[in-house]
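Have a look at this one.
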There are 2 protein chains.
Amino acid sequence: VTVEETCIANALAVWNTNIARAEKLFFSLQKDQLETEVAPGKNRLVYLWGHLTAVHDRMVDLLGFGERVNPSLDAIFITAPDRSKDAPDASEIRSSWEKINQRLAEGFAQLTPEQWLAKHSAVSAEDFAKEPLRNRLAILLSRTNHLSYHLGQALLAKH
Amino acid sequence: VTVEETCIANALAVWNTNIARAEKLFFSLQKDQLETEVAPGKNRLVYLWGHLTAVHDRMVDLLGFGERVNPSLDAIFITAPDRSKDAPDASEIRSSWEKINQRLAEGFAQLTPEQWLAKHSAVSAEDFAKEPLRNRLAILLSRTNHLSYHLGQALLAKH
């Protein structure tokens, strides 16, 4: 195992840990619990779950893993604030979540360290030459932190 | 720049981004604002700030950067829940925060990629042989996510 392979394995371990925490929370919630706000007037749990699902689906595209699983999530969970659109049923969010994270896991497993450090799809070759940290690994690390950020909020409503 | 140096630079970039977000929030808060709870009955902002400061101080020790800056924070902000001990003034928390993060930044700058992937101080050589991801990089990545987790909560109280 090389130094760079271990670096990537460390980054993936933190992603996997946070995905497991999210699933432990969201998969256990009943329909009425998903309506709980994380704080008064703030996002409902169902919105956070859908938001994370949509953001992870965007990773499929950003990382070059092919077509997105469910781009219709964006209009409900990214570009619109909570309560402005009807959310899909929990079973539909769960189905998208599982397909998306499976697609990501398969894609992650195929990448070499060099491919992890190649540019992601939302940066031009010209910009990447100037900013070489705008690579696939940056997407993984920032989205792992994005997941932690919202898990911190979601777990306020759980207890 | 080698592949492994870029990996480490990516991990440090996410840490630095989150430290900057935390400072933008916490440095701007007045004394009464620091008393705000992130949600009804949940931790106050001052507690989250002190907690993050204490956890980062522990990193100094875990990463082998010498003596901790302020180990007395643990009894107030780690082992005790919020409101059970008197919190220090904001100016004292800020002073510890700045010294600790400075110490960490200096330590980070000294480490080679190989040293990043060496074991941290809380794992035995025997356990590390079996679990090679229990390295310094794992501490950096997990504490970055810990920071994001609590920033997600803290920013609920800000808006």
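In the text below, chain A, chain B and the rest are named by the order of the sequence lines, each starting its count at 1.
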- Max heavy-atom pair count under 4.5 Å with chain A, selected residue of V14(B), T17(B), N43(B), V1(B):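 The answer is V14(B).
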- Under 4.5 Å from any heavy atom of chain A - which part of R134(B):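 Neither part.
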- Item | Smallest separation among heavy atoms of N145(A) and T144(B), with atom names |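 Taking N145(A) first and T144(B) second, the nearest heavy atoms are OD1-O, 3.1 Å.
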- Task: Give, as side chain, backbone, both or neither, the part of A138(A) having an atom under 4.5 angstrom from any heavy atom of chain B.
- Result: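 Contact with chain B involves both backbone and side-chain atoms of A138(A).
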- Message: Please classify the contact between L133(A) and chain B as side chain, backbone, both or neither, with a heavy-atom cut-off of under 4.5 Å.
- Response: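 Both backbone and side chain.
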- Message: Starting from I93(B), can I reach L34(B) by hopping between I/L/V/M/F/W/Y residues whose side chains sit under 4.5 Å apart?
- Response: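 Yes.
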- Query: Has K24(B) got more than 12 heavy atoms of other residues, nucleotides or ligands less than 6.0 Å from its NZ?
  - Reply: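 Atom NZ in K24(B) is not crowded, with 12 or fewer foreign heavy atoms closer than 6.0 Å.
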- Task: Return the option, out of A9(B), C7(B), A39(B), A13(B), with the maximum number of heavy-atom pairs under 4.5 Å with chain A.
- Result: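 Ranked by contacts with chain A, first place is C7(B).
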- In one Ile/Leu/Val/Met/Phe/Trp/Tyr side-chain cluster, 4.5 Å: F128(A), L117(A):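 Different clusters.
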- Query: Counting heavy-atom pairs under 4.5 Å to chain A, which of E4(B), H150(B), E114(B) comes out on top?
  - Reply: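 Most heavy-atom pairs within the cutoff with chain A belong to E4(B).
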- Message: Quick check on the hydrophobic clustering: are L111(B) and V123(B) connected, directly or via other members, by side-chain heavy-atom contacts under 4.5 Å?
- Response: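 No, no single cluster joins them.
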- For L151(B), is it the side chain, the backbone, both, or neither that has a heavy atom closer than 4.5 Å to a heavy atom of chain A?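 Answer is both: backbone and side chain atoms of L151(B) are under 4.5 Å from chain A.
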- Query: What do you reckon, is CG of D32(B) surrounded by more than 12 foreign heavy atoms closer than 6.0 Å?
  - Reply: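 Yes, enclosed.
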- Taking all non-hydrogen atoms of both residues into account, name the closest pair between P113(A) and V3(B) and its distance.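 Shortest heavy-atom contact: CB-CG1, 4.1 Å.
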- Which bit of R136(A) is near chain B, if near means a heavy-atom gap under 4.5 Å: side chain, backbone, both or neither?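 Answer is neither: R136(A) stays 4.5 Å or more from chain B.
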- Message: Under the criterion side chain to side chain contact (heavy atoms under 4.5 Å, CB included), I'd like the reasoning laid out for N10(B) against L140(A): C-alpha separation, chi angles, the key distance, then a yes or no.
- Response: CA-CA 10 Å; N10(B) 269 114; L140(A) 177 69; over 6 Å; no
- Message: Are F27(A) and Y47(A) connected into the same hydrophobic cluster when the rule is that any two of I, L, V, M, F, W, Y join if their side-chain heavy atoms are below 4.5 Å apart?
- Response: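 Yes; tracing contacts between hydrophobic side chains, which count when under 4.5 Å, links both residues.
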- Query: Same cluster or not: are V55(B) and L147(B) linked, directly or through other Ile, Leu, Val, Met, Phe, Trp or Tyr residues, by side-chain heavy atoms under 4.5 angstrom apart?
  - Reply: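 Cluster IDs for V55(B) and L147(B) differ.
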- Could you pull out the closest heavy-atom pair between L155(B) and Y149(A), with the gap in Å?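 Taking every non-hydrogen atom into account, CD1-OH, 3.2 Å.
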- Task: Kindly give the heavy-atom pair with the smallest separation between Q153(B) and L156(A), and that separation in Å.
- Result: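 Smallest interatomic distance, heavy atoms only, reads NE2-CD2, 3.8 Å.
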